[in-house]
2 protein chains.
Amino acid sequence: MKKKRVTLKDIAAELKVSISTVSRALKDHPDIDKTLTKKIKALAQKWNYIPNPLAMGLLRQQTQVIGVIVPDLVTYFFSSIISGIEDELQQAGYYIIISSSKESMEKEIECVHNLLNLRIDGLIVCLAQDSNDTAHFEKVLDHDVPLVFFDRVCLEKKVSTVVVDNVSMAKDITTHLFENGARKIAHITGPKHLNIVKERTEGYLKGLEQVGLLLDKKHLIHTDLSPNNAAKAIRGLLSLPSRPDAILGVNDTVIFATMKEIKNRNLKIPKDILLAGFSDEFHATVVEPNLTSVAHPTHDIGRNAAKLILEQIQEGRSIQKKIILNTELHVRESSTRH
Amino acid sequence: MKKKRVTLKDIAAELKVSISTVSRALKDHPDIDKTLTKKIKALAQKWNYIPNPLAMGLLRQQTQVIGVIVPDLVTYFFSSIISGIEDELQQAGYYIIISSSKESMEKEIECVHNLLNLRIDGLIVCLAQDSNDTAHFEKVLDHDVPLVFFDRVCLEKKVSTVVVDNVSMAKDITTHLFENGARKIAHITGPKHLNIVKERTEGYLKGLEQVGLLLDKKHLIHTDLSPNNAAKAIRGLLSLPSRPDAILGVNDTVIFATMKEIKNRNLKIPKDILLAGFSDEFHATVVEPNLTSVAHPTHDIGRNAAKLILEQIQEGRSIQKKIILNTELHVRESSTRH
DNA sequence: AAGGTTTGTGCAAAGCTTTGCAGGTAAAAT
DNA sequence: ATTTTACCTGCAAAGCTTTGCACAAACCTT
């Protein structure tokens with residue numbers, strides 16, 4: 001026998017009062033007799049009454065659900081950001097629905113529509129790598145649904161974002177590689193339309209300039225962010241007559257792929273080639289040698305994105321803010337020569 | 001200006017017909033005039049009408065939302081199972097809400113209650129490691145909400161589960177270690193109340209027996225599943241006079257911690273110590289040496305759990321089924337001596 | 001032409017909650 | 001004794017959809 005959830009109606013019937021009286025009593029409305037209020041509250045407690053969120057949602061036109069779209073779930077970077085989002089939203093009484101775009105714009109569009117149809121109260125997104133159109137996000141704004149991007153962002157003029165200073169980090173890491181003896185520093189990165197790609201490339205170029213190195217165009221490679229295609233690109237790099245003596249990856253995943261290829265060729269890290277990546281994945285300290293990487297404050301990125309959503313919900317309007325969080329360069333064996 | 005979502009009412013008003021006519025026309029009810037139906041459908045299409053899920057939920061007493069509770073999100077094992085669940089449920093028109101119990105029963109209880117209050121249509125769970133009481137899940141059953149456990153399970157008499165054959169896998173892997181020369185095989189595992197711990201321990205003992213080894217009680221260690229405590233346990237193991245020459249971990253995370261400790265002592269894998277784990281994390285092939293591990297069909301585990309939920313929803317009753325999926329032992333460098 | 005079908009449309013209730021307003025009772029004031 | 005006041009409580013609508021039932025008009029039958 002299905003144990004139906006208890007409703008106001010049930011309590012009202014039991015106590016022979018009206019539904020509205022029960023509703024008011026439960027929120028300590030001064031109009032209701034104190035004794036009656038106490039009795040109603042006692043029964044509600046005993047029967048474990050919980051307001052039906054569907055009814056509330058219908059009434060208030062809000063669902064207490066925030067959508068989150070990430071390129072994938074299996075990367076530590078994203079799962080720990082989600083964990084930050086969850087921490088912040090949960091205590092504000094919101095639920096989150098997580099969707100994975102699997103790095104595909106098509107899937108991303110589908111996710112956005114699904115979530116919109118579900119009537120979410122807000123949306124937090126990290127763009128898919130091949131997301132080069134913004135129409136689906138404009139639609140989110142049209143519906144006046146609060147929107148926040150993190151890490152990979154777009155529509156920055158209208159939408160709040162949480163990012164890191166990619167340019168200066170990429171610059172720092174490039175000069176760091178130089179200081180450790182590298183003179184042919186390659187950068188393997190992703191699709192050109194992504195902000196993180198643009199910014200990190202810019203930082204890389206600035207870094208080269210600062211230490212007085214010239215860019216070898218063959219050493220700047222745009223591929224996609226998948227390990228397989230990264231591996232292919234790396235094989236190309238390693239076969240060049242001007243083989244690089246350092247590789248900066250747009251993220252750690254790319255560098256993990258790189259490591260495998262390098263080991264296959266019996267080259268030594270860091271003796272023959274220095275390596276460094278972005279995002280400081282959990283396994284950066286598990287691989288051998290340990291990987292130098294830019295650590296993002298993932299938990300904080302999540303918390304801040306969540307806070308920006310909550311702010312917009314409270315204000316009842318779209319807000320355009322840009323939060324830039326600090327990163328740390330974690331120098332490890334893969335990029336140091338003594 | 002908030003762009004309100006279009007409702008049946010809006011369409012009815014525009015076309016000067018009643019709401020019920022619109023409702024019926026949209027589902028091709030034969031009663032409605034064909035021409036009118038066409039007109040209504042055209043407008044609904046143009047205005048991008050989507051039924052309000054809150055109203056539908058209230059009416060049908062279902063939310064189209066399935067809750068998923070996992071011990072953590074950052075392990076590849078869980079995120080890829082979630083990905084399987086998502087694939088299956090999405091095409092059935094369900095949304096999923098993911099909560100992390102962070103391996104804590106307290107948090108798990110909280111998650112269950114939250115999700116129940118949200119009126120989810122079903123719940124898929126992998127137990128937290130210190131979950132040793134089932135009251136909160138009994139409550140789920142009381143409310144007649146479909147429930148499925150995977151991997152770490154309980155209440156098997158009443159609830160559907162998706163698992164692997166831990167006993168035989170642990171046995172196989174133990175004999176495999178023996179065949180590669182190990183004679184002092186240790187097993188480092190988790191809390192005793194967990195089914196996976198019990199079963200893998202049983203398999204380990206059976207394996208020892210089969211190859212004619214006696215259990216050294218100091219070589220069977222129950223700790224918790226956190227890398228830190230695992231590391232502590234491993235330090236103990238490595239300091240024993242009867243230091244093991246092989247370690248079987250209850251999962252890969254434990255073995256990753258083990259690797260670090262072993263390397264700290266300048267012992268060599270697999271020369272001095274063989275290693276093998278469970279669950280074949282993504283990074284099993286990234287670490288050096290590559291880790292031997294039992295590969296779980298994670299995506300399939302997810303899909304099957306989802307299917308069991310859908311089945312129960314369709315049948316309208318609780319079903320007790322046990323699905324045992326096949327695993328594969330991926331033998332790699334960490335456990336082979338030539 | 002009158003009764004019987006067929007065909008098409010709308011009313012209203014149910015699902016659950018909140019809240020403005022009306023109404024009722026009893027006590028206080030005149 | 002009558003009016004006023006204060007204090008409680010309940011009705012009904014709104015939020016959106018589905019669906020059983022009633023009703024109306026037009027057609028057909030005899």
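What you see below is based on every heavy atom in this structure, not just the backbone, and it leaves out hydrogens, waters and symmetry mates.
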When you measure from the side-chain N and O atoms of [X] to the phosphate of [N], is any distance below 4.0 Å, counting only OP1 and OP2?
| X | N | value |
| --- | --- | --- |
| A:Y49 | C:dC16 | no |
| A:R24 | D:dC11 | no |
| A:S23 | C:dT17 | no |
| A:Q61 | D:dA14 | no |
| A:R60 | C:dC16 | no |
| B:T21 | C:dT9 | no |

Between atom [atom1] in [X] and atom [atom2] in [N], what is the gap in whole Å?
| X | N | atom1 | atom2 | result |
| --- | --- | --- | --- | --- |
| B:K9 | D:dT18 | NZ | P | 15 Å |
| A:L54 | C:dG15 | CG | P | 14 Å |
| A:D33 | D:dT9 | CG | C1' | 10 Å |
| A:L59 | C:dG20 | CG | P | 12 Å |
| B:I19 | D:dA14 | CD1 | P | 11 Å |

[X] near the nucleic acid: base, sugar-phosphate alone, or nothing, with a heavy-atom cut-off under 4.0 Å?
| X | value |
| --- | --- |
| B:T7 | sugar-phosphate |
| B:D31 | base |
| B:N52 | sugar-phosphate |

**OP:** Find which nucleotide of DNA chain C each of A:S20 and B:K16 is nearest to by heavy atoms, and output the residue with the more 5' nucleotide.
**Re:** B:K16
**OP:** For B:I32 and for B:M56, find the nucleotide of DNA chain C with the closest heavy atom, then tell me which residue's nucleotide is more 5'.
**Re:** B:I32
**OP:** Please confirm whether A:Y76 and B:Y76 have ring centers closer than 6.0 angstrom.
**Re:** no
